[in-house]
Amino acid sequence: MPSITEKELFEAGAHIGYSKSRRHPKMNNFIFGTRNNMEIFDLTLTAEKLAGAEEFLKRLGKEGGAVLWVGTKPAAKEHILKTGQALGQPRVAERWLGGTLTNFKVFEGRLLYWANLENEAKSGEFEKYLKKEKLLKEVELRKLERMFGGIKSLKALPAALVVVDPLEEKTAMSEARRKRIPVVALLNTDCNPEGIAYPIPVNDNSSAAIALILGKLKEAYEAGIKEKS
């Protein structure tokens, strides 16, 4: 059964799509109609698709599978950060680093280098360097934090991605497809749902709608963790 009502979705602005001219033809089934030249999602289908994604994430939580949360557009980034932090899961809210999934061994090496540099700083070993060398290492630490901070906990390829707007996150989507990692995606009328394991048709420009959907997905994952324990 859907965990959310159409009223909740409507009040969050989840029903508002783009103009008909921007519609991807494979999103036709998710459209209820048009109002003021804006397409309107069938929120019954949105609730059903969300329920399917929740079941999937609950199962992953129970199995202990890592989920990588991705959303860099302004309406999404704050909610992606909060969700990832609350779950202790990896998240990308700034810029997707090419090769995160497809070149994971190199990526893993950078994380190991960062960990070693952090240990060096904490143990006081930076003091052995000249002032300029020490400054360069401190700058490098800050740079690595900005680049990898959200995905520091990613010790292996994730079991799944949750993506807000797959069109915006096309590099992440391409890498997930190449590595055959299933994706849960919040997508608007301009996106192609083909190849997405769990598409959730929704207004991916509405901060309230994104927060609502991510909140439900987070609860589902947490429920799986509780069942595991």
Side-chain angles (χ1 to χ4, degrees), residues 2 4-54 56-57 67-83 91-98 100-102 160-217:
I4 201 167
T5 65
E6 291 175 42
K7 184 174 183 289
E8 287 176 286
L9 288 165
F10 183 83
E11 288 175 347
H15 58 294
I16 303 169
Y18 289 122
S19 62
K20 192 172 182 178
S21 61
R22 292 183 64 176
R23 184 207 295 176
H24 192 285
K26 291 188 177 176
M27 288 296 288
N28 290 353
N29 293 339
F30 299 126
I31 308 301
F32 176 78
T34 306
R35 186 179 304 162
N36 298 326
N37 199 38
M38 302 298 287
E39 298 204 295
I40 305 299
F41 283 113
D42 184 337
L43 294 180
T44 303
L45 290 178
T46 299
E48 288 176 4
K49 291 294 184 181
L50 173 59
E54 286 176 283
F56 172 62
L57 286 182
V67 177
L68 176 54
W69 304 75
V70 183
T72 61
K73 62 197 300 182
K77 57 171 57 183
E78 179 186 347
H79 305 302
I80 286 290
L81 278 174
K82 285 183 177 178
T83 304
R91 60 270 178 191
V92 175
E94 291 301 328
R95 183 175 69 86
W96 179 268
L97 296 171
T100 297
L101 303 178
T102 51
L161 268 65
V162 173
V163 174
V164 178
D165 191 350
L167 197 59
E168 180 78 17
E169 311 300 342
K170 55 182 179 294
T171 307
M173 293 296 298
S174 173
E175 292 192 24
R177 277 193 294 271
R178 286 171 64 185
K179 301 304 289 186
R180 298 184 179 180
I181 299 171
V183 174
V184 174
L186 286 66
L187 69 173
N188 214 315
T189 55
D190 60 339
C191 294
N192 182 1
E194 192 172 51
I196 297 173
Y198 298 92
I200 304 171
V202 69
N203 179 2
D204 60 16
N205 291 310
S206 165
S207 179
I210 292 168
L212 182 63
I213 299 293
L214 291 182
K216 292 296 181 181
L217 296 175

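Sequential numbering from 1 along the given sequence is applied to the chain's residues.
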Would you say that more than 12 heavy atoms from the other residues, nucleotides or ligands in this model lie under 6.0 Å from the NZ of Lys82, or not?
no

If you take all heavy atoms of Val164 and Glu169, which pair is closest and at what distance?
O-CG, 3.7 Å

For the side chain of Ser174 and the backbone of Lys170, is there at least one donor-acceptor N/O pair under 3.5 Å apart?
no

Kindly say whether Leu9 contributes a backbone atom to a donor-acceptor pair with the side chain of His15 at under 3.5 angstrom?
no

Residue pair Leu214 / Ile80, side-chain heavy-atom distance below 4.5 Å
yes

For atom CG of Asn28, decide whether the heavy atoms of other residues, nucleotides or ligands shown that lie under 6.0 angstrom number more than 12.
yes

Starting at OG1 of Thr46, measure out to CZ of Phe10 and round the result to the nearest 0.5 Å.
13.0 Å

In terms of heavy-atom contacts, Ala75 and Ile210 come closest through O-CD1, 3.7 Å

How far apart are the C-alpha atoms of Leu57 and Val162, what are their side-chain angles, what is the distance that settles it, and do they pass the side-chain contact (heavy atoms from CB on, under 4.5 Å) test?
CA-CA 10 Å; Leu57 286 182; Val162 173; 4.2 Å; yes

Kindly compute the distance separating NZ (Lys7) from OG1 (Thr5), expressed to the nearest 0.5 Å.
7.0 Å

Pairs under 3.5 angstrom only: tabulate donor-acceptor contacts from the side chains of residues 190-200 to other protein residues two or more places apart or in another chain.
{"from": "Asn192", "atom 1": "OD1", "to": "Glu194", "atom 2": "N", "distance (Å)": "3.0"}
{"from": "Glu194", "atom 1": "OE1", "to": "Lys26", "atom 2": "NZ", "distance (Å)": "2.9"}
{"from": "Glu194", "atom 1": "OE2", "to": "Lys26", "atom 2": "NZ", "distance (Å)": "2.9"}

Find the distance between CG (Leu212) and CG (Asn203) and round it off to the nearest 0.5 Å.
12.0 Å

Check the pair Glu6 / Thr44 against side-chain contact (heavy atoms from CB on, under 4.5 Å), numbers first and verdict last.
CA-CA 6 Å; Glu6 291 175 42; Thr44 303; 2.8 Å; yes

Provide the closest heavy-atom pair for Ala172 versus Val70 in the form atom of the first, atom of the second, distance.
CB-CG1, 4.5 Å

Where Phe41 and Ile16 come nearest, the two heavy atoms and their spacing
CE1-O, 4.1 Å

When the side chains of residues 177-189 are checked against the rest of the protein, which donor-acceptor pairs come out under 3.5 Å, sequence neighbours left out?
{"from": "Asn188", "atom 1": "ND2", "to": "Asp204", "atom 2": "OD1", "distance (Å)": "3.3"}
{"from": "Thr189", "atom 1": "OG1", "to": "Tyr18", "atom 2": "N", "distance (Å)": "3.1"}

Give the minimum heavy-atom separation between Leu217 and Ala53, together with the two atoms involved.
CD2-CB, 3.8 Å

Ignoring hydrogens and geometry, is there a side-chain-to-backbone donor-acceptor pair from Glu168 to Thr72 under 3.5 Å?
no

Any sub-3.5 Å donor-acceptor pair from Glu175's side-chain atoms to Leu101's backbone N or O?
yes

Supply the atom-to-atom distance Leu161 CG to Thr100 OG1, rounded to the nearest 0.5 angstrom.
9.5 Å

Taking it one step at a time, do Glu48 and Leu45 satisfy side-chain contact (heavy atoms from CB on, under 4.5 Å)?
CA-CA 5 Å; Glu48 288 176 4; Leu45 290 178; 3.6 Å; yes

Walk me through whether Asn205 and Lys73 qualify under side-chain contact (heavy atoms from CB on, under 4.5 Å).
CA-CA 8 Å; Asn205 291 310; Lys73 62 197 300 182; 2.9 Å; yes

Could you list the residues that satisfy salt bridge (Lys or Arg N to Asp or Glu O under 4.0 Å) with Glu39, not counting sequence neighbours?
Arg23

